[in-house]
Structures are given as structure tokens and as C-alpha cells.
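Nothing here was measured: the structure is a model prediction, and the numbers come from that model. In the text below, chain A, chain B and the rest are named by the order of the sequence lines, each starting its count at 1.
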Amino acid sequence: ILNVEQSPQSLHVQEGDSTNFTCSFPSSNFYALHWYRWETAKSPEALFVMTLNGDEKKKGRISATLNTKEGYSYLYIKGSQPEDSATYLCAPRGTGRRALTFGSGTRLQVQP
Amino acid sequence: DAMVIQNPRYQVTQFGKPVTLSCSQTLNHNVMYWYQQKSSQAPKLLFHYYDKDFNNEADTPDNFQSRRPNTSFCFLDIRSPGLGDAAMYLCATSRTGLSVNEQFFGPGTRLTVL
């Protein structure tokens, strides 16, 4: 899978705001989509792995949806907190391929 | 805690001087990956080891080599670093047979080339 696009590139919100990001990818040969959160000076941390069209995953205030037919995934953060400040990376994986192809990420900054 | 460790966290080298970055893991995963991330760009896969089998990406420059002496350790060697090789280098691991090949990452080594 090539040409993974994430938007916006960066986002500044106030504490308490809800926000969402988009990950777009080619829909052919889709196998799975991974979302990672990467805080400065830490390891990228897995948030979700999604495989089925229509999948919805939730972890606390963060949720994600997947549309494999049109090739996109949304990540939502409800009531953003300063500790949500990080870069959010999506990485689809194609069938027959072991490795992930990453987007360039959305950098979120939450102001107290 | 089981984890992926990268040393050093910051590495400074001179133009043309060979440098080695190291990665170790306590997860006992059979696959290890090296990614390169340049400023604000997507992490790009350089190569990976599936057990002892080395898998190079087609567009990885020959300047980049890797060694995996055992399951736990993997090294990235840059034979003659250029200014364009300054980047964050991420190591990751996964285990085949686990659901959808989730990858676990180290914190990265930031390489500066003077």
C-alpha cells in the first residue's frame, strides 16, 4: 500500500474541545489499519488495529472508524486533554505484506 | 516490563564516519524492523528481519546495512553517513501468528550528522 495521507498535518485545540483526524489510503489489497500515538521522547504506542469495513474501536475518549471500501479511517478524540498532545500516525497494511506503510501523521497540540 | 530498547537515544557522527545504532527486545518477537523518519515525514521502512532472513526494501540505499546476531538484538550500520541521513531511526518488533501483526516500537535514536 502506498500513498497514505493524513489530514490535517497539525492541529491546535483548547482543552475540552473534541477533534478528529483523517487517514486516507488506497482501498485495494487492504488487510488492516493501525493507529499509533507518538508522544515526544517516547515510543510510538499502538492505539487500534482495525480490519473490517465498518469497524469501530474505542479506548477511553478516543475512538476510530474504518471504511475499507472508500479507503479512509477517522480518529476522534472527545474532550481533548493536554496529555493527548502527540503525533497520531496511521499505517495501513496490504495483503501479502508484513510491514506497515505509515502516513506522515497529525500533530495535535492541546492547550490548557 | 517487556520492551524494545534503543541505544543510544541521541547519536552525533561526522560526515562519512561509520555509525552503528542498536536495538534490543525482551518480547521474544521473531520479526524486527528498522524505520527512518525525517523531519515531519512518514516513517519509512528500511528493512526487516523475519527470523534470520533479511528483507531489504527496494529503495533503501546500499549505505545502510543491518545485522541480527540473535533474536534479541538488531543493529543498523550506516557505512558513510551523509547530511541527508540525519533522521530519527525507529526499531520495531512483531510476532508472526499474533493477530494482525501489531508492531511494538522503541523510542528511537535521533542521528545528527555534522
Side-chain angles (χ1 to χ4, degrees), chain A residues 1-11 21 23-26 30-52 55 57 59 64 66 68 73 86-109, chain B residues 1-10 23-27 29-51 53-60 87-110:
Chain A
I1 292 184
L2 301 174
N3 197 26
V4 181
E5 296 196 3
Q6 290 189 247
S7 62
Q9 284 189 340
S10 64
L11 199 52
F21 327 131
C23 172
S24 301
F25 52 87
F30 175 85
Y31 182 73
L33 183 90
H34 299 244
W35 278 101
Y36 285 85
R37 173 171 60 200
W38 192 5
E39 295 178 65
T40 302
K42 295 187 178 179
S43 304
E45 171 199 358
L47 286 174
F48 304 114
V49 181
M50 309 172 78
T51 56
L52 298 176
D55 246 358
K57 300 269 186 174
K59 184 186 287 189
L66 177 66
T68 61
S73 176
T87 296
Y88 291 81
L89 294 164
C90 76
R93 181 184 166 203
T95 53
R97 182 157 166 81
R98 196 174 296 127
L100 306 177
T101 302
F102 281 89
S104 55
T106 293
R107 180 174 294 183
L108 174 67
Q109 193 75 27
Chain B
D1 287 340
M3 55 175 45
V4 182
I5 301 161
Q6 290 188 244
N7 285 308
R9 294 290 303 274
Y10 299 90
C23 177
S24 63
Q25 52 125 342
T26 59
L27 297 162
H29 284 175
N30 63 319
V31 190
M32 295 186 77
Y33 309 80
W34 280 104
Y35 291 87
Q36 177 195 62
Q37 191 208 24
K38 296 186 179 179
S39 178
S40 300
Q41 296 181 22
K44 178 180 174 300
L45 182 68
L46 295 173
F47 25 60
H48 73 278
Y49 273 94
Y50 181 90
D51 296 322
D53 293 333
F54 178 70
N55 296 267
N56 200 25
E57 293 297 296
D59 56 354
T60 297
M88 173 72 82
Y89 291 88
L90 289 166
C91 173
T93 73
S94 69
R95 184 173 181 82
T96 52
L98 291 181
S99 175
V100 292
N101 197 40
E102 183 176 350
Q103 293 188 15
F104 295 79
F105 283 83
T109 294
R110 185 167 294 283

Rounded distance (nearest 0.5 Å) linking atom OG of A:Ser104 with atom NZ of B:Lys44: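 That separation rounds to 15.0 Å.
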Q) Do other residues, nucleotides or ligands put more than 12 heavy atoms under 6.0 Å from the NZ atom of A:Lys59? A)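 Counting other residues, nucleotides and ligands, NZ of A:Lys59 exceeds 12 neighbours.
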Counting only heavy atoms not in A:Gln9, do more than 12 sit closer than 6.0 Å to its CD atom?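 Not more than 12 within 6.0 Å, no.
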> Is there side-chain contact between B:Tyr35 and A:Phe102, with at least one heavy-atom pair below 4.5 Å?
Replying inline: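 In contact.
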- Item | B:Arg9 versus chain A, the contacting section by heavy-atom distance below 4.5 Å |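 The side chain, not the backbone.
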* Given a strict heavy-atom distance threshold of 4.5 Å, which part of B:Gln6 is in contact with chain A: side chain, backbone, both, or neither? ->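 Contact with chain A involves no heavy atom of B:Gln6 at all.
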If you count heavy-atom pairs under 4.5 Å between each of A:Gly105, A:Ala91, A:Ala99 and chain B, which one has the most?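 Of the candidates given, the most pairs with chain B belong to A:Ala99.
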For [X] against [Y], the heavy-atom pair lying closest together:
{"X": "A:Gly103", "Y": "B:Pro43", "value": "O-CD, 3.8 Å"}
{"X": "A:Ser43", "Y": "B:Gly106", "value": "OG-C, 3.1 Å"}
{"X": "B:Gln103", "Y": "A:Tyr36", "value": "O-OH, 2.8 Å"}

inquiry  = So for A:Ala41, is it side chain, backbone, both, or neither that comes closer than 4.5 Å to the heavy atoms of chain B?
reply    =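 Its backbone and side chain both get close to chain B.
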For the backbone of B:Ser40 and the side chain of A:Arg107, can you confirm whether one donor and one acceptor N or O come within less than 3.5 Å of each other?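 Not confirmed, A:Arg107 side chain does not pair with B:Ser40 backbone.
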